[in-house]
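Have a look at the structure below before the remarks.
This chain uses plain numbering: 1 for the first residue, then up along the sequence. One-based numbering, in listed order, for ligands and for the atoms of each.
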Amino acid sequence: MRLFAKGFLIAAALCVALFAVQGCSQNPSTTSTTSGTTATTPASTTSQPGKKLVVGFSQIGSESDWRRAHTKNIQEEAAKRGIDLRFSDAQQKQENQIKAIKNFIAQKVDAIILAPVVETGWEPVLRDAQRAHIPVILSDRGVKVSDPNLYVTLVGPDFVEEGRMAGNWLVNKVGNKKCNIVELQGTAGSAPAIDRKAGFEQAIKSHPNLKIIKSQTGDFKRVTGQQVMDAFIASEGKNINAVYAHNDDMALGAIQSLEAAGIKPGKDVLLVSVDGVKAAFEAMIAGKLNATVECSPLLGPALFDACDKAVKGIKQPKQIPNKEQCFDQSVAPQTIGSRKY
Ligand code: AHR
């Protein structure tokens, strides 16, 4: 009889333990909803009050002032919230980002933030994350995938609209005058390069006096922007009336190139770019850059809110944008003091 009671107690204890283990191993799984939002079913381990959230962050690199401000903001926000942030710098290489994501999966992080260098080629590794029930949140740049459930949400701006704002600014500035434009594109195959080009072209389409005469990638870097601008000046010379740069760093490189060629940036040649970093405001105040369209890198708070919601299984929209505007020389002096990046 005593033996039977002992056996019963052991069996009951085993059942309780098994139930507890099953409950704990229920990581989030992604489900899509008809309203275009994505929800994750909660993982009891990650939504436990007091448990430190572990987030893997695959960053592109440090190609621009914007990117450095983005990294700093995310790291500071993680520290503020007591998040265990695992950071990986891919040095502009997609293969390094894929390796980093695989490492995060092996480390069983609670969520992954990915700033994808290019739009395509992510499907297999995102499927790995999905299979491991780890939600992926995209930062600033989008991806092209056949299944939208492979990521939870994109925290980032509308790049097409940014390009459109830059184009509209130039259209208004030149009026009916002839304007030959050279374009410095961002990293080939990246969402901002593709979308900012498309938006700008839409804005100038019905204005035949504005024409893009040269267009080449400057990889979002100041030094490459300068080199490409050198080549544009060598082939087009005084034929160039305006520069459209997909980011401020390349515009700043182009300014150096124009000055070296004895051309006055901001006067002989108009320059409009995207980002709104401090150095762009300084260049506007110096009269060398004409306008910049804001693209905020301060995405940390919205990214970690999205991570929190994802691990708790809360529905989210497919994109979480931020409001942006165009600044020109007329507002730069009174605005620079309030710029945060
Ligand atoms: O994805 C955002 C872009 O990437 C920024 O405009 C650019 O400066 C950065 O490198």
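Using a cutoff of 4.0 Å between basic side-chain nitrogens and carboxylate oxygens, K51 and D110 are scored as salt-bridged. Between K72 and E76 a salt bridge is recorded (basic side-chain N to carboxylate O distance below 4.0 Å). Salt bridge present: K288 and E259 bring a charged side-chain N and a carboxylate O closer than 4.0 Å.
Within the set V277, N247, I60, D219, the minimum heavy-atom distance to atom 7 (C) of ligand 1 is found for N247. Nearest residue to atom 5 (C) of ligand 1 from D275, T187, V274, D195 is D275 (criterion: closest heavy atom).
Both tests hold for R339 against F327: distance to the six-membered ring centre under 6.0 Å, angle to the ring axis within 45°. No cation-pi contact links K99 to F104, judged by a cut-off of 6.0 Å to the six-membered ring centre and 45° from its axis.
Close N/O approach between R141 and ligand 1 is found [any backbone or side-chain N/O within under 3.5 Å].
With hydrogens left out, the protein atom closest to atom 10 (O) of ligand 1 is E63 OE2, 2.4 Å, a heavy atom. Nearest protein heavy-atom neighbour of atom 2 (C) of ligand 1: D140 OD2, 3.5 Å.
At least one heavy atom of R196 sits closer than 4.0 Å to an atom of ligand 1. Between P192 and ligand 1 there is a heavy-atom distance shorter than 4.0 Å.
Residue pairs meeting the side chain to side chain donor-acceptor pair (under 3.5 Å) criterion with at least one member in residues 274-287, sequence neighbours excluded, do not occur.
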